[in-house]
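This report refers to the structure that appears directly beneath it.
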Amino acid sequence: MRVLVATAVPVERDAVARAFASPPREVPLPGTTLHRVEHPAPPAEAAVAPLVDAPAATPASAPATAVPVADAGSRYDLLAAGVGPAAAAAATGAALTAAALAGQPYDLVVSAGIGGGFPPDAPVGSVVVADEITVADLGAETADGFVSVTGLGFGTVTHYPPRSLVRDVAAATGGVTGTVLTVSTVTGSAARAAELRARHPGAVAEAMEGFGVAEAAAAHGCPVLEIRTVSNPVGPRDRAAWRIPEALATLTEAFGKTVHVVESWKKHD
């Protein structure tokens with residue numbers, strides 16, 4: 001399996017990298033650099049069902065043996081794509097195109113990082129797995145209020161990750177599921193937070209890259225997942241309440257659990 005993981009900044013990329021046992025190696029691309037991790041296949045003992053009621057071996061019969069399931073392992077390419085949906089879409093699209101031209105397209109794209117959580121659904125320290133990735137501020141202001149580009153008839157504002165993958169990643173990480181909003185301007189007031197929740201009742205978090213990553217993935221026909229760990233509440237900016245190092249540590253732990261789910265999801269979904 002080949003998986004592209006897009007974060008905004010290198011510190012998030014490095015937090016994801018710490019979820020793997022082996023260190024990444026750099027792979028240069030035009031305009032950017034991937035950090036590649038080869039994730040080995042599980043041991044043969046873990047890839048087969050145990051033998052049931054095997055008869056004792058006799059001189060005329062060889063001992064029963066389990067045949068390993070062939071699995072060459074997986075490749076995870078980690079990309080610090082930049083801050084905001086435009087940078088995320090451009091860098092993710094470039095990586096997807098390079099892989100496709102090399103005849104090695106990705107099987108899944110993951111937008112990962114830290115973000116703000118809407119209390120009380122996603123408190124600081126929690127894990128959020130998007131069941132909808134929605135851009136919150138792409139549209140037009142009218143006399144009747146905000147109208148999205150979908151409402152204007154110009155395109156889409158929401159992408160939907162695979163339901164079974166969302167369900168299983170949330171179960172493995174103890175995460176909250178809901179809409180993760182993509183914004184170009186981070187929320188900094190209670191009024192804006194309330195406005196977003198009124199417009200998007202299912203929103204549990206906001207970040208700045210998910211929709212851009214999802215747009216690039218959709219252009220290549222690739223499924224997308226977004227996972228966030230909450231470093232701060234959405235609302236008034238209070239740096240004293242931010243827990244960025246803790247959220248990065250949680251991201252490492254959550255992504256380690258996500259990898260195991262992704263491996264089995266591709267085989268059975």
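By convention here, the first residue in the shown sequence is residue 1.
Considering only heavy atoms from C-beta on, Pro105 comes within 4.5 Å of Arg2 through its side chain. In this structure the side chain of Leu108 reaches within 4.5 angstrom of the side chain of Val110, judged on heavy atoms.
Here Arg192 pairs with Glu195 under the salt bridge (charged side-chain N to carboxylate O under 4.0 Å, His left out) rule; sequence neighbours left out.
Not one N or O on the side chain of Thr187 forms a donor-acceptor pair closer than 3.5 Å with the backbone of Ala193. For the pair Arg13 (side chain) and Leu78 (backbone), a donor-acceptor distance under 3.5 Å is absent.
The side-chain hydrogen bond (donor to acceptor under 3.5 Å, both in side chains) pairs that include a residue from residues 234-251 number zero, where partners must be two or more places apart or lie in different chains. Pairs passing the side-chain hydrogen bond (donor to acceptor under 3.5 Å, both in side chains) check and including a residue from residues 211-224, sequence neighbours excluded, read Thr97-His220, His159-Glu215.
In terms of heavy atoms, Glu209 sits closest to Gly82 at CG-O, 3.6 Å. Taking each heavy atom of Leu138 and Phe211 in turn, the nearest pair found is CD2-CE2, 4.4 Å. The minimum heavy-atom distance between Pro161 and Leu225, with the atom names listed, is CB-CA, 4.3 Å.
Linking ILVMFWY residues whenever their side-chain heavy atoms come closer than 4.5 Å, directly or via other members, places Leu248 and Met208 in the same cluster.
Cation-pi contact between Arg199 and Phe146: present, with separation from the ring centre below 6.0 Å and deviation from the ring axis of at most 45°.
For Thr177 and Arg167, the side-chain atoms include no donor-acceptor pair closer than 3.5 Å.
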